[in-house]
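Inspection log for the structure reproduced underneath, given as structure tokens.
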Amino acid sequence: QVQLVESGGGLVQTGGSLRLSCAASRSILSINTMGWYRQAPGNKRELVADITNSGITTYSDFVKGRFTISRDSAKNTVYLQMNSLKPEDTAVYYCNALMEDAVYDVLNQYWGRGTQVTVSS
């Protein structure tokens with residue numbers, strides 16, 4: 001029901017910044033929750049931040065105020081501004097969407113392919 005395309009990843013030095021973008025194929029206001037997850041080699045995928053269709057945001061504790069999730073509904077795009085990056089932030093960052101299926105009354109989950117973020121020391 002929705003395609004997600006991430007962009008903005010790359011190589012940055014410790015203390016630098018990146019802004020990730022997630023473009024959705026439909027109105028993000030029709031998506032219950034959009035979020036950013038990350039997965040480093042050998043680790044499980046973990047939530048970074050998410051935002052509901054009503055604008056409520058949630059951040060994982062490890063963000064420590066460094067990351068900000070935002071949206072541009074007109075562009076069907078969700079952003080993740082990452083500041084003060086650390087080597088520990090190195091991971092593949094995935095865009096995630098949770099959408100209610102009105103027919104089956106369940107919440108379906110969709111994933112983008114991910115974008116690599118590498119923070120060098």
Side-chain angles (χ1 to χ4, degrees):
Q1 289 295 300
V2 62
Q3 292 176 302
L4 306 171
V5 180
E6 303 98 331
S7 62
L11 175 64
V12 66
Q13 293 183 336
T14 297
S17 298
L18 286 172
R19 188 176 76 157
L20 306 183
S21 299
C22 175
S25 62
R26 63 183 294 163
S27 172
I28 60 176
L29 298 180
S30 69
I31 302 172
N32 295 74
T33 303
M34 295 193 67
W36 289 97
Y37 289 71
R38 71 185 187 186
Q39 186 169 21
N43 292 11
K44 75 170 188 176
R45 193 169 298 184
E46 61 183 358
L47 173 69
V48 177
D50 62 30
I51 183 168
T52 71
N53 59 4
S54 61
I56 301 173
T57 59
T58 300
Y59 295 93
S60 294
D61 290 340
F62 65 80
V63 172
K64 303 293 185 181
R66 298 180 297 126
F67 295 179
T68 302
I69 189 169
S70 62
R71 66 182 182 182
D72 187 337
S73 298
K75 296 181 178 180
N76 294 339
T77 300
V78 173
Y79 304 97
L80 183 69
Q81 179 67 47
M82 304 185 294
N83 299 323
S84 302
L85 284 163
K86 307 173 181 179
E88 305 93 272
D89 296 318
T90 296
V92 177
Y93 284 71
Y94 296 92
C95 185
N96 170 265
L98 295 175
M99 291 185 60
E100 183 178 4
D101 188 321
V103 175
Y104 296 102
D105 193 26
V106 297
L107 206 60
N108 292 324
Q109 190 174 65
Y110 301 86
W111 295 95
R113 293 196 302 169
T115 184
Q116 176 70 47
V117 171
T118 303
V119 184
S120 65
S121 58

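These numbers come from a predicted model, not from an experiment. Position 1 is the first residue of the sequence; numbering continues from there.
Within a 6.0 Å radius of CZ in R26, other residues, nucleotides and ligands contribute more than 12 heavy atoms. In Q109, the CD atom is crowded: over 12 heavy atoms of neighbouring residues, nucleotides or ligands sit closer than 6.0 Å.
Pairs of residues two or more places apart, or lying in two chains, never qualify as ring-ring contact (aromatic ring centres under 6.0 Å, His included) while including a residue from residues 53-78. Residue pairs meeting the disulfide bond (SG atoms under 2.5 Å apart) criterion with at least one partner in residues 38-73, sequence neighbours excluded, are absent. For residues 21-102, the pairs satisfying disulfide bond (SG atoms under 2.5 Å apart) are C22-C95, with sequence neighbours left out. Residue pairs that meet the side-chain hydrogen bond (donor to acceptor under 3.5 Å, both in side chains) test with at least one member in residues 68-80, sequence neighbours left out, do not exist here.
The two residues L98 and I31 come nearest to each other via the heavy atoms O-CG2, 3.3 Å. Heavy atoms only, all atoms of each residue included: I69 and G35 are closest at CD1-CA, 4.4 Å. What you find for V117 and G9 is that their closest heavy atoms are CG2-CA, 4.2 Å. Across all non-hydrogen atoms, the minimal contact from L18 to L85 is N-CD1, 3.9 Å.
Atom CG of L4 is separated from atom CG of N96 by 7.5 Å, given to the nearest 0.5 angstrom. The distance from the CG atom of D101 to the CG atom of L107 is 9.5 Å, given to the nearest 0.5 Å. How far OG of S17 is from CZ of R66: 10.0 Å, rounded to the nearest 0.5 Å. Expressed to the nearest 0.5 Å, how far CG of L29 lies from OG1 of T52 amounts to 10.0 Å. Rounding to the nearest 0.5 Å gives a distance of 8.5 Å between CD of Q81 and CG of L20. A distance of 11.0 Å separates CG in D50 from CG in L80, rounded to the nearest 0.5 Å.
Contact annotation: the side chain of M82 never approaches that of V48 to less than 4.5 Å [non-hydrogen atoms, C-beta and beyond]. Under the 4.5 Å side-chain criterion, counting only non-hydrogen atoms from C-beta, P87 is in contact with T14. The side-chain heavy atoms of Q1 and N108, taken from C-beta on, include no pair separated by under 4.5 Å. In this structure, the side chains of R38 and E46 come closer than 4.5 Å at one or more pairs of heavy atoms. Side-chain contact between M99 and V2 is present, with at least one heavy-atom pair separated by less than 4.5 Å.
With side-chain heavy atoms closer than 4.5 Å counting as contact, directly or through intermediates, V5 stands alone and belongs to no larger hydrophobic cluster. Clustering of Ile, Leu, Val, Met, Phe, Trp and Tyr side chains at separations under 4.5 Å places Y94 together with Y37, L47, V92, W111.
The main-chain N or O of A91 is never found under 3.5 Å from a side-chain atom of Q39 such that the two would form a donor-acceptor pair.
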